[in-house]
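This one's a predicted model, so the numbers in the text were calculated from it and none came from an experiment.
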Amino acid sequence: MSSQDAASLPSRWAGADEAMPSSLDELAGPDHGVVMLPVDLAWSGRRSFDLADPDQRYLCYMTVLTAGVTREHYTRWLNADLLRAQWSRLRLPRPLRRLWQDHFPELRTSVARPA
């Protein structure tokens with residue numbers, strides 16, 4: 001595939017903003033405990049994450065953000081406070097980070113805090 005072909009391909013996240021909630025406050029997912037993500041989010045590898053463990057919390061949020069395709073994925077499994085606290089640490093693909101920051105400008109100023 002040439003670089004010209006790759007440039008014309010749609011983004012993996014094209015249209016994903018339609019599934020996003022209108023406000024971060026709608027992200028009412030758990031803020032503690034062990035979560036078990038459904039198979040449609042975590043279809044290969046780890047599905048269970050202890051949110052008290054920073055590494056597991058990171059993996060959980062990366063999984064939901066990169067694999068989520070429905071509003072329920074975001075509102076059920078992401079917590080607004082944890083997302084704000086984790087945001088600057090997350091190593092998201094640039095198009096996905098831009099999409100979330102365009103939809104939620106307050107994330108642009110989120111600074112990593114212990115969560």
Give a yes or no on whether the ring-centroid distance for Tyr74 and Trp100 is below 6.0 angstrom. yes
[X] side, atom [atom1]; [Y] side, atom [atom2] - distance, nearest 0.5 Å:
X: Phe104; Y: Leu27; atom1: CZ; atom2: CG; value: 6.0 Å
X: Arg91; Y: Leu65; atom1: CZ; atom2: CG; value: 13.5 Å
X: Leu78; Y: Leu24; atom1: CG; atom2: CG; value: 9.5 Å
X: Arg57; Y: Asn79; atom1: CZ; atom2: CG; value: 10.5 Å
X: Asp102; Y: Met20; atom1: CG; atom2: CE; value: 9.0 Å

Mind checking salt bridge (charged side-chain N to carboxylate O under 4.0 Å, His left out) for Asp53 and listing every partner two or more places apart, or none if nothing turns up? none
With sequence neighbours excluded, what pairs up with Glu26 under the salt bridge (charged side-chain N to carboxylate O under 4.0 Å, His left out) test? none
Atom of [X], atom of [Y] and distance for their closest heavy-atom approach:
X: Tyr61; Y: Pro30; result: OH-O, 4.2 Å
X: Gln56; Y: Asp50; result: OE1-N, 2.6 Å
X: Leu37; Y: Leu41; result: CD2-CD1, 4.3 Å

Can you pull out every salt bridge (Lys or Arg N to Asp or Glu O under 4.0 Å) where at least one residue sits in residues 30-46? Sequence neighbours excluded, please. none
Give me each pair satisfying salt bridge (Lys or Arg N to Asp or Glu O under 4.0 Å) with a member in residues 70-80, each pair once, sequence neighbours excluded. Glu72-Arg76
With the side chain counted from C-beta on, respond yes when Trp77 and Cys60 share a heavy-atom pair under 4.5 Å apart, and no when they do not. no
Is there side-chain contact between His73 and Val69, with at least one heavy-atom pair below 4.5 Å? yes
Does NZ or CZ of Arg97 fall inside the cone over Trp87's six-membered ring, less than 6.0 Å from its centre and within 45° of the axis? yes
For His32, what residues pass the side-chain contact (heavy atoms from CB on, under 4.5 Å) criterion, not counting sequence neighbours? none
Name all residues meeting the side-chain contact (heavy atoms from CB on, under 4.5 Å) criterion together with Asp25; count only those two or more places apart in sequence or in a different chain, and write none if there are none. Ser23, Arg84
